[in-house]
Each structure stands twice: as structure tokens, then as C-alpha cells.
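Below you'll find the structure, written out as C-alpha cells, and then a few comments.
Computed from heavy atoms alone, side chains included, the values below leave out hydrogens, waters and symmetry copies.
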Amino acid sequence: MKTHKFIFLLFVISGLLGCQDEEKAGFDCLPTNLQDGIIAFYPFTSGSLNDYSPNNYNLNNPTTAVTTTDRNDNASCAYLFDNLPENGEYLTIGKS
């Protein structure tokens, strides 16, 4: 359960601090004080599931979750999960 909360926290942090400009979506766009010790960074720019941290923990979407507009009206910078039990939508980490 702690792992799920931690991964969710990473998504929230990524969404709050993610770069809006695709060219600046790299790890370097994070404030310096947040770069040390980060496990993964997912800005979701243009629907990308790539981890921009040095760890390369890219995500996979094995379900029907789709990209959507984020809270700042940036197109394809967030993922939408319909929360229906029959769909069981989620993202997975490709590297364990």
C-alpha cells in the first residue's frame, strides 16, 4: 500500500512541477533542490510516459486510460482514468 501512495505522490509532484514546454520537459526543468534523490519524473508532456529522471523508469499504459487536458489547459499533459471497475485503468512501470 505504501508503494501505491508513493507512486501517486510522484504523479502529483510531476503534475505540479512539470514543464509545459516540450523542449524544456527534461529533468533539468525541476528546481535544483528537488533534483537530488528523485526516483522518477513524469511531466506527461504531449502524453509522454517517459521518465525524465536519470533512472529511466518509463511507464506503460496497458489499459484504455487516455491523455487529456491538465488543470492548466495544456492538451495531452495528463491521463484520464474512468474509474470503472470493469476497465481497471492504470499505468505501470516497465522497469522493476
Check [X] against [Y] and note the closest heavy-atom contact, atom names and distance.
| X | Y | answer |
| --- | --- | --- |
| G47 | Y79 | O-OH, 2.7 Å |
| P43 | Y52 | CD-CD1, 3.2 Å |
| D51 | N58 | N-OD1, 2.7 Å |
| D70 | N72 | OD1-N, 2.9 Å |
| C77 | S46 | SG-N, 4.1 Å |
| N55 | I38 | ND2-O, 3.2 Å |

Rounded distance [0.5 Å steps], OG1 in T64 versus CG in D82: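 One finds 5.5 Å between OG1 of T64 and CG of D82.
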Under the side-chain contact (heavy atoms from CB on, under 4.5 Å) test, residues paired with Y90 that sit two or more places apart: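 side-chain contact (heavy atoms from CB on, under 4.5 Å) check on Y90 returns P62, T63, T92.
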Under the side-chain contact (heavy atoms from CB on, under 4.5 Å) test, residues paired with S76 that sit two or more places apart: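 If we apply the side-chain contact (heavy atoms from CB on, under 4.5 Å) test to S76, skipping adjacent residues, the hits are T67.
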Residue pair Y57 / I39, side-chain heavy-atom distance below 4.5 Å: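 With C-beta onward as the side chain, the pair touches.
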Heavy-atom check, side chain of Y42 versus side chain of L91, under 4.5 Å: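 Heavy-atom side-chain distance check fails, nothing below 4.5 Å.
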Residues clustering with L80 (ILVMFWY side chains joined when closer than 4.5 Å, directly or via others):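 Members alongside L80: V66.
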Trace of the side chain to side chain contact (heavy atoms under 4.5 Å, CB included) decision for F44 with L59: CA-CA 10 Å; F44 299 122; L59 297 173; 4.0 Å; yes
